[in-house]
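Read through the structure below, which is laid out as structure tokens, and then see the notes.
These numbers were taken from a predicted model, which means no experiment stands behind them. Only this structure's heavy atoms are used, side chains among them; waters, hydrogens and symmetry mates stay out.
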Amino acid sequence: MRIQPVSSVNLETPFGSMHTHLFRPDRPGKYPGVVLFAEIYQMTGPIARTAAMIAGHGFLVAVPDVYHEFTQPGEAFAYDKPGTDRGNALKTTKDLASYDADARAVIDFFGNDPGCTGRVGSVGICLGGHLAFRAAMNPEVETGVCFYATDIHKGSLGKGMADDTLARIPEIQGEMMMIWGRQDPHIPNEGRRIIYDAMTAAETRFTWHEFNGEHAFMRDEGHRYDPALAQLLNAMACQQFTTCLK
């Protein structure tokens with residue numbers, strides 16, 4: 001379906017106001033909410049196109065500025081060395097509690113928005129994949145889709161680089177979809193195995209998908225983009241949300 005022009009809202013968190021982009025279906029009714037966590041570059045063109053694609057399948061999609069404490073509202077970083085360096089530096093400057101508070105703020109927003117059914121899913125890419133995974137530790141999140149989630153196996157998210165993600169996996173109640181690139185140097189086979197084993201031990205409901213792709217193979221800018229694979233996985237993600245949230 002068609003979607004409305006992109007709008008935004010500022011959500012209050014204990015760590016400051018968080019600019020959040022909203023993608024809504026252009027049709028009367030209530031829709032499940034999906035929080036989309038971006039890469040270290042915040043909401044770039046590829047992330048906006050992903051949000052629009054999900055919204056067009058009948059979901060209210062919210063894309064928060066993951067580094068709102070340190071950036072201007074709606075600011076995005078370029079896919080170049082300065083942008084990459086800045087995004088990586090902020091990833092371990094921001095408090096872990098702030099990442100979690102951001103997810104909580106969007107979930108609460110969905111619960112109060114008249115255009116939302118109150119049912120919630122999460123999705124994220126790269127850094128965002130890790131954030132979508134942690135968001136699923138909130139009981140309201142019924143499903144999460146994580147594209148090559150970084151740093152889970154190393155426990156290195158946030159200030160101090162000592163997150164508790166692996167230890168908190170038993171808190172996840174929804175069904176997870178985990179998607180990986182076998183040629184991704186950021187999450188090697190050993191790292192993927194750590195995550196798989198931890199989710200299995202916790203009896204998490206999840207599906208596990210590995211493909212021949214490099215890091216960022218979903219991003220439709222850059223030489224690592226795999227269009228056929230991206231089309232397949234976008235369809236899988238939307239089907240996951242439809243199955244679990246509608």
Side-chain angles (χ1 to χ4, degrees), residues 1-11 18-39 41-66 68 73-76 102-129 131-136 138 140-149 174-177 179 216-221 225 227 229-246:
M1 64 183 72
R2 292 179 57 175
I3 65 172
Q4 299 178 17
V6 181
S7 60
S8 64
V9 63
N10 292 319
L11 302 179
M18 178 175 66
H19 187 80
T20 303
H21 313 262
L22 299 176
F23 297 73
R24 296 180 183 269
D26 191 18
R27 186 180 297 176
K30 292 178 176 286
Y31 299 93
V34 174
V35 53
L36 168 56
F37 293 98
E39 313 160 290
Y41 306 94
Q42 303 213 101
M43 199 185 81
T44 58
I47 295 297
R49 289 187 285 276
T50 299
M53 179 274 300
I54 296 171
H57 283 79
F59 299 94
L60 166 57
V61 181
V63 185
D65 285 354
V66 293
H68 59 88
E75 182 180 355
D102 293 350
R104 186 68 253 171
V106 179
I107 293 167
D108 290 343
F109 168 77
F110 284 147
N112 294 313
D113 187 274
C116 184
T117 63
R119 305 189 72 179
V120 181
S122 65
V123 61
I125 302 170
C126 188
L127 161 67
L131 300 182
F133 193 82
R134 288 187 68 88
N138 291 279
E140 296 91 341
V141 178
E142 299 180 58
T143 187
V145 178
C146 304
F147 291 98
Y148 37 88
E175 181 176 322
M176 304 300 291
M177 175 179 283
I179 298 168
F217 65 81
M218 294 290 292
R219 184 198 301 157
D220 64 3
E221 292 182 17
Y225 178 49
L229 194 51
Q231 183 179 36
L232 169 66
L233 296 181
N234 281 329
M236 287 173 57
C238 288
Q239 184 58 54
Q240 179 80 1
F241 292 134
T242 297
T243 299
C244 295
L245 301 178
K246 291 187 176 181

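Annotation: salt bridge (Lys or Arg N to Asp or Glu O under 4.0 Å) contacts involving residues 229-246, sequence neighbours excluded, are absent. Legend: side-chain hydrogen bond (donor to acceptor under 3.5 Å, both in side chains) pairs involving residues 114-129, not counting sequence neighbours, sorted by first then second residue: Arg119-Glu142. Listed by first and then second residue, the salt bridge (Lys or Arg N to Asp or Glu O under 4.0 Å) pairs that reach into residues 43-52 are Arg49-Asp220, Arg49-Glu221, sequence neighbours excluded. Among residue pairs with one or both ends in residues 19-38, those qualifying as salt bridge (Lys or Arg N to Asp or Glu O under 4.0 Å) are Arg24-Asp113; sequence neighbours excluded.
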- Message: Would Met53 and Phe59 count as a side chain to side chain contact (heavy atoms under 4.5 Å, CB included) here? Give the steps.
- Response: CA-CA 10 Å; Met53 179 274 300; Phe59 299 94; over 6 Å; no

- Task: For side chain to side chain contact (heavy atoms under 4.5 Å, CB included), just list the numbers for Val123 and Phe241, CA-CA rounded to whole Å, side-chain angles, deciding distance to a tenth of an Å, and then say yes or no.
- Result: CA-CA 10 Å; Val123 61; Phe241 292 134; 3.6 Å; yes

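Side-chain contact annotation: Thr143 with Gln240, donor-acceptor N/O pair under 3.5 Å present.
Residues Phe109 and Met18 form no side-chain contact, since every pair of their non-hydrogen atoms from C-beta on lies 4.5 Å or further apart. You'll find the side chain of Phe23 reaches within 4.5 Å of the side chain of Val63, heavy atoms only. Between Asp65 and Thr20 the shortest side-chain heavy-atom distance does not fall below 4.5 Å. At least one side-chain heavy atom of Val34 sits under 4.5 Å from a side-chain heavy atom of Leu245. By the 4.5 Å heavy-atom criterion applied to side chains, Leu229 and Leu233 are counted as neighbours. Contact annotation: the side chain of Val145 approaches that of Phe147 to within less than 4.5 Å [non-hydrogen atoms, C-beta and beyond]. Leu36 is listed as a side-chain neighbour of Thr50, based on a closest heavy-atom distance under 4.5 Å. Two residues are said to be in side-chain contact when any heavy atoms from C-beta on lie closer than 4.5 Å; Ile125 and Phe37 fail this criterion.
The closest donor-acceptor contact from the side chain of His68 to the backbone of Pro64 lies at 3.5 Å or more, if one exists at all. Under a 3.5 Å cut-off, the side chain of Gln42 and the backbone N or O of Val66 do form a donor-acceptor pair. Judged by distance alone, the side chain of Asn138 and the main-chain N or O of Ala135 form a donor-acceptor pair under 3.5 Å.
With sequence neighbours excluded, the residues satisfying ring pair (Phe, Tyr, Trp, His ring centres under 6.0 Å) with Phe217 are Tyr148. In terms of the ring pair (Phe, Tyr, Trp, His ring centres under 6.0 Å) criterion, residue partners of His19 (sequence neighbours excluded) are, by chain and number, His21.
Rounded to the nearest 0.5 angstrom, Cys126 SG and Glu39 CD are separated by 6.0 Å. Atom CE of Met218 is separated from atom CG of Leu232 by 8.5 Å, given to the nearest 0.5 angstrom. Taken to the nearest 0.5 Å, the CE atom of Met177 stands 8.0 Å off from the SG atom of Cys244.
When all heavy atoms of Ala132 and Gly124 are compared, the pair lying nearest together is CB-N, 3.5 Å. Residues Ala55 and Met1 approach most closely at O-CG, 4.5 Å, considering heavy atoms. Between Gly58 and Pro32, the closest heavy-atom pair is O-CD, 3.7 Å. Nearest heavy-atom pair across Met176 and Cys146 is CE-SG, 3.8 Å.
Here the options are Val61, Ile3, Asn234, the test is side chain to side chain contact (heavy atoms under 4.5 Å, CB included), and the partner is Ile54; only Val61 passes.
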